[in-house]
Number of protein chains: 2
Amino acid sequence: MPKAYEEIADDLRRQIQAGKWQPGERLPSEEELRRTYDRGVPTIRQALAELETEGLIDKRHGKGTFVRVPRRKVLRTNERHQWEKDRARQAEEVRAQTGVTEHDTGLTVNDLVFNARFYEVEAGEELAEAFGVPVGTALVERVYRTRYAREPAPFNLTHSYLVRDLVAGNPDLLDETKEPWPGGTQNQLHTVGIELDRIVEEVIAARPPTHEEARELGMSPGMAIIHLRKTCIDTDGRVVELSDITLPGDRTRMKFVTPLVRW
Amino acid sequence: MPKAYEEIADDLRRQIQAGKWQPGERLPSEEELRRTYDRGVPTIRQALAELETEGLIDKRHGKGTFVRVPRRKVLRTNERHQWEKDRARQAEEVRAQTGVTEHDTGLTVNDLVFNARFYEVEAGEELAEAFGVPVGTALVERVYRTRYAREPAPFNLTHSYLVRDLVAGNPDLLDETKEPWPGGTQNQLHTVGIELDRIVEEVIAARPPTHEEARELGMSPGMAIIHLRKTCIDTDGRVVELSDITLPGDRTRMKFVTPLVRW
DNA sequence: GAGTGGTCTAGACCACTGT
DNA sequence: CAGTGGTCTAGACCACTCC
């Protein structure tokens, strides 16, 4: 016995993929679909909910149901780190031309809208342990969002932390209006004499977004996000930067190359 | 105006986290909860659906709603690859002691239940391109599942592909009954004269599981999975193995270290 | 058979959007 | 204002599980 909502979802999925409605176009209202399929509204809603978690459609309260417009994809490779390190000692003209986001997206500086907010915070248990500093140590919290000018949602949400005393030698690093910084974090750290030895990236979890995350990243509640933690370790073995990054699962691809020593 | 289902979900979440019901215990039935909260059943169901996507509860048709039992976590680091390469030339006694899964989970061989099925398939467009061979080339498809003996669901679902002619020199590699192979894939390849140069791991996407994946991995439909593609490249630059791995987002942690060259 | 969650219904009312 | 999706209701019937 086939389930009605599955059949409706399958039928609509097929029609969307066949291009019956173009990306951005409105689907028939739930009331119209109810008459089309001769089913109750809740059944229609269940079918639409399924397509929404697949990222095929987008429901907008008061407006209707729309075919989701494909978004700019991001390919984040771990080669970006060496690339950024090489740039960190270049002249400002070179650094200003492209940053890691341009590197990941294939877009140019003019295509991107950048946003940064800085806060002074005290290290809690978790951050204190990660940095190897006492609880309560002054940190700079930097909240970043970069988006493609032609799209409303940013590529990710980034919360980055620095130990304030470690970077206070260059007051510009505490000033959010100086962002976006040409050459990125590795150049910033270079200005206070810090060189990175390695970068550790951890996929902490993949899970559905909170309502907040879904709103900010332009996702439906049923989709998935990746929580990535990036830790920068300097040549003295100290953790000098830590970033918690929330990445939309539907537009993010990550690539990690692990070289092996020869026999 | 607070939403009823949110309030009920919040209340139940609080009670679960406070330990009112232990992991594995049954929650009151929907009918009982309806009376408790003086709301309709659909409202109760909406609240429970939210807790289910968070991985807090587990609904079982005909049985009830249960507090989810925390599962064995897996930490998958990219150091595992060099570790496995170092083992590939060791004596069988050494190789048989531990494999990468034991390395990732901290369990021993006796704790693990291994399952492998082999198939002969022809390369489609995608695999042919990845391997750099003509469409239709004979491949060996190997489907792996490893689980913790005390838990029903495997740690992941793995589909691994090899070019048949490349490994046919050792007939044991085409025989599923020879699995689990002491020393893993890198030792298998070693027996036919292949040495790996590097391993590329790509997070293709994070998304909700299909019904099939949810069932096999013991997940609720609203949770998230990670689709990881691992590519093994040998010292001649050839792709010699490709694996598509489906990882439950709630129990998988991945760690990638990227070393940087010194200034 | 009793109890559980799953599917489906018909309809009320609310909140948001555009005119 | 009309049209849209969001919340909530009361209840029927089915499918699964266990006794």
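None of the values given here were measured: they were computed from a predicted structure. Chain A is the first sequence line, chain B the second, and so forth, proteins listed ahead of strands; every chain is numbered from 1.
Across the protein-nucleic acid pair, Lys3(B) atom NZ and dG5(D) atom P stand 17 Å apart, rounded to whole Å. As rounded to whole Å, 12 Å separates atom C1' of dG5(C) from atom CD of Glu31(B). Separating the NE2 atom of His211(A) from the C1' atom of dG6(D) is a distance of 13 Å, rounded to the nearest angstrom. What separates CZ of Arg26(A) from P of dT17(C) is a distance of 15 Å, to the nearest Å. Computed from coordinates, the Glu32(B) CD to dG5(C) C1' distance equals 13 Å when rounded to whole Å. We find that CD of Gln46(A) is positioned 10 Å from P of dG6(C), with the value rounded to whole Å.
A salt bridge does not link Asp250(B) to Arg207(A): none of the charged nitrogens lies less than 4.0 Å from a carboxylate oxygen. Between Glu30(B) and Arg34(B) no salt bridge is recorded (no basic side-chain N to carboxylate O distance below 4.0 Å). Salt-bridge annotation for Arg13(A) and Glu54(A): present, with a side-chain N of the basic residue lying under 4.0 Å from a carboxylate O of the acidic one. Checked for salt-bridge contact, Arg142(B) and Glu241(B) meet the test: a charged N lies under 4.0 Å from a carboxylate O.
Listed in residue order, the members of residues 48-69 of chain B having a heavy atom less than 4.0 Å from DNA chain C are Lys59(B), Arg60(B), His61(B), Gly62(B), Lys63(B), Gly64(B), Thr65(B).
Crowding of Glu25(B) atom CD: a count of heavy atoms from other residues, nucleotides or ligands under 6.0 Å exceeding 12. The environment of Glu129(B) atom CD is sparse: at most 12 non-hydrogen atoms of other residues, nucleotides or ligands sit within 6.0 angstrom.
Under 4.0 angstrom from either OP1 or OP2 of dT4(C) there lies at least one side-chain N or O belonging to Ser29(B). Contact check, Arg45(A) against dG6(D): a side-chain N or O comes under 4.0 Å of OP1 or OP2. Distances shorter than 4.0 Å separate none of the side-chain N or O atoms of Tyr5(B) from OP1 or OP2 on dC8(D).
The stretch residues 112-128 of chain B participates, sequence neighbours left out, in these side chain to side chain donor-acceptor pair (under 3.5 Å) pairs: Arg117(B)-Glu176(B), Glu120(B)-Arg164(B), Glu126(B)-Arg229(B).
The shortest side-chain heavy-atom distance between Arg145(B) and Asn156(B) does not fall under the 4.5 Å cut-off.
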Where do N or O atoms of nucleotides 9-13 of chain D meet protein N or O atoms at under 3.5 Å, pair by pair?
from: dT9(D); atom 1: OP1; to: Arg39(B); atom 2: NH1; distance (Å): 3.3
from: dT9(D); atom 1: OP1; to: Gly40(B); atom 2: N; distance (Å): 3.4
from: dT9(D); atom 1: OP2; to: Gly40(B); atom 2: N; distance (Å): 2.7
from: dT9(D); atom 1: OP2; to: Thr43(B); atom 2: OG1; distance (Å): 2.3

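Under the salt bridge (charged side-chain N to carboxylate O under 4.0 Å, His left out) rule, Glu151(A) has a single partner from Arg72(A), Arg71(A), Arg251(A), which is Arg251(A).
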